[in-house]
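A short write-up of the structure that comes next.
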Amino acid sequence: MQILEHVKKYPVTKILNNNQHVTGHYPGAIDWVGKIWFPSLFDEGVLYFAWVYSPEFYTQVGTDSIIELSSKVTIKTFFDLVTAMDWLLMQPAEV
């Protein structure tokens, strides 16, 4: 919710989410993040979301499940930060 509040205060169209240091997953949050949080980000103007995977397999599975539920924000996953940043910078600032 803090990210959503920040986006409301400081509008952005792109977000880089680095989960390289995440060691666990939250299976109960998948539906909420996919069906509520991402649509709320979109409503605030977020168009692109670069998601760097955690090295933990089950968090990667959870990330993929969230993405399957999300349809408005363009979300792309990566295994490294540099490639994620490069992709994000190539996306248009506005549509």
Side-chain angles (χ1 to χ4, degrees):
M1 290 305 297
Q2 289 179 355
I3 293 170
L4 185 57
E5 291 303 316
H6 187 80
V7 167
K8 287 179 181 180
K9 188 173 181 180
Y10 306 101
V12 296
T13 58
K14 305 173 189 181
I15 293 178
L16 175 62
N17 181 40
N18 182 5
N19 282 356
Q20 291 177 316
H21 301 288
V22 173
T23 59
H25 66 289
Y26 302 97
I30 290 172
D31 282 343
W32 182 82
V33 172
K35 294 179 181 177
I36 295 174
W37 191 70
F38 269 111
S40 297
L41 285 177
F42 180 81
D43 291 345
E44 295 299 328
V46 175
L47 303 174
Y48 302 100
F49 195 92
W51 197 325
V52 181
Y53 278 127
S54 162
E56 300 293 327
F57 175 75
Y58 288 108
T59 62
Q60 294 172 16
V61 171
T63 297
D64 293 343
S65 296
I66 290 168
I67 292 168
E68 288 176 15
L69 295 173
S70 304
S71 62
K72 294 184 175 188
V73 175
T74 300
I75 306 165
K76 187 161 172 66
T77 55
F78 302 89
F79 286 99
D80 69 277
L81 192 58
V82 172
T83 307
M85 287 189 298
D86 288 346
W87 175 80
L88 205 56
L89 290 170
M90 290 180 3
Q91 305 314 307
E94 298 178 17
V95 174

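No side-chain heavy atom of Thr63 sits under 4.5 Å from any side-chain heavy atom of Ile75. Contact annotation: the side chain of Thr83 never approaches that of Val52 to less than 4.5 Å [non-hydrogen atoms, C-beta and beyond]. In this structure, Gln60 and Phe79 have side chains that are in contact, with non-hydrogen atoms separated by less than 4.5 Å. Residues Leu47 and Thr74 form no side-chain contact, since every pair of their non-hydrogen atoms from C-beta on lies 4.5 Å or further apart. Ile15 is listed as a side-chain neighbour of Val7, based on a closest heavy-atom distance under 4.5 Å. Contact check for Trp32 versus Leu69: no side-chain heavy atoms found under the 4.5 Å cut-off.
Across every non-hydrogen atom of Asp43 and Lys72, the tightest pair is OD1-NZ, 4.3 Å. Shortest non-hydrogen contact noted between Asn19 and Pro55 is O-CD, 4.1 Å. Nearest heavy-atom pair across Ala50 and Ala84 is CB-O, 3.8 Å. Shown here for Met85 and Leu16, the closest heavy-atom pair between the two residues is CG-CD2, 3.4 Å. The minimum heavy-atom distance between Tyr53 and Thr77, with the atom names listed, is OH-OG1, 3.3 Å.
Surrounding CG of Leu89 are more than 12 heavy atoms belonging to other residues, nucleotides or ligands, all under 6.0 Å away.
Under the 4.5 Å side-chain contact rule for hydrophobic residues, Val12 and Met1 share a cluster. With hydrophobic clusters built from ILVMFWY side chains whose heavy atoms lie under 4.5 angstrom apart, Met90 does not share a cluster with Leu81. No continuous path of ILVMFWY side-chain contacts below 4.5 Å connects Val22 to Trp51, so the two sit in separate hydrophobic clusters.
Residue Lys8 holds its NZ atom at 10.0 Å from CG of Leu41, rounded to the nearest 0.5 Å. To the nearest 0.5 angstrom, Phe42 atom CZ is 10.0 Å from Tyr48 atom OH. To the nearest 0.5 Å, atom CD1 of residue Ile3 and atom CG of residue Asn17 are 6.5 Å apart.
Relative orientation of the Phe49 and Phe38 rings is perpendicular, given thresholds of 30° and 60° on the angle between their planes.
A distance-only check finds no donor-acceptor pair linking the side chain of Lys76 to the backbone of Trp87 [under 3.5 Å]. The closest donor-acceptor contact from the side chain of Lys14 to the backbone of Leu88 lies under 3.5 Å. Checking side-chain atoms of Glu44 against main-chain N and O of Ser40 turns up no donor-acceptor pair under 3.5 Å.
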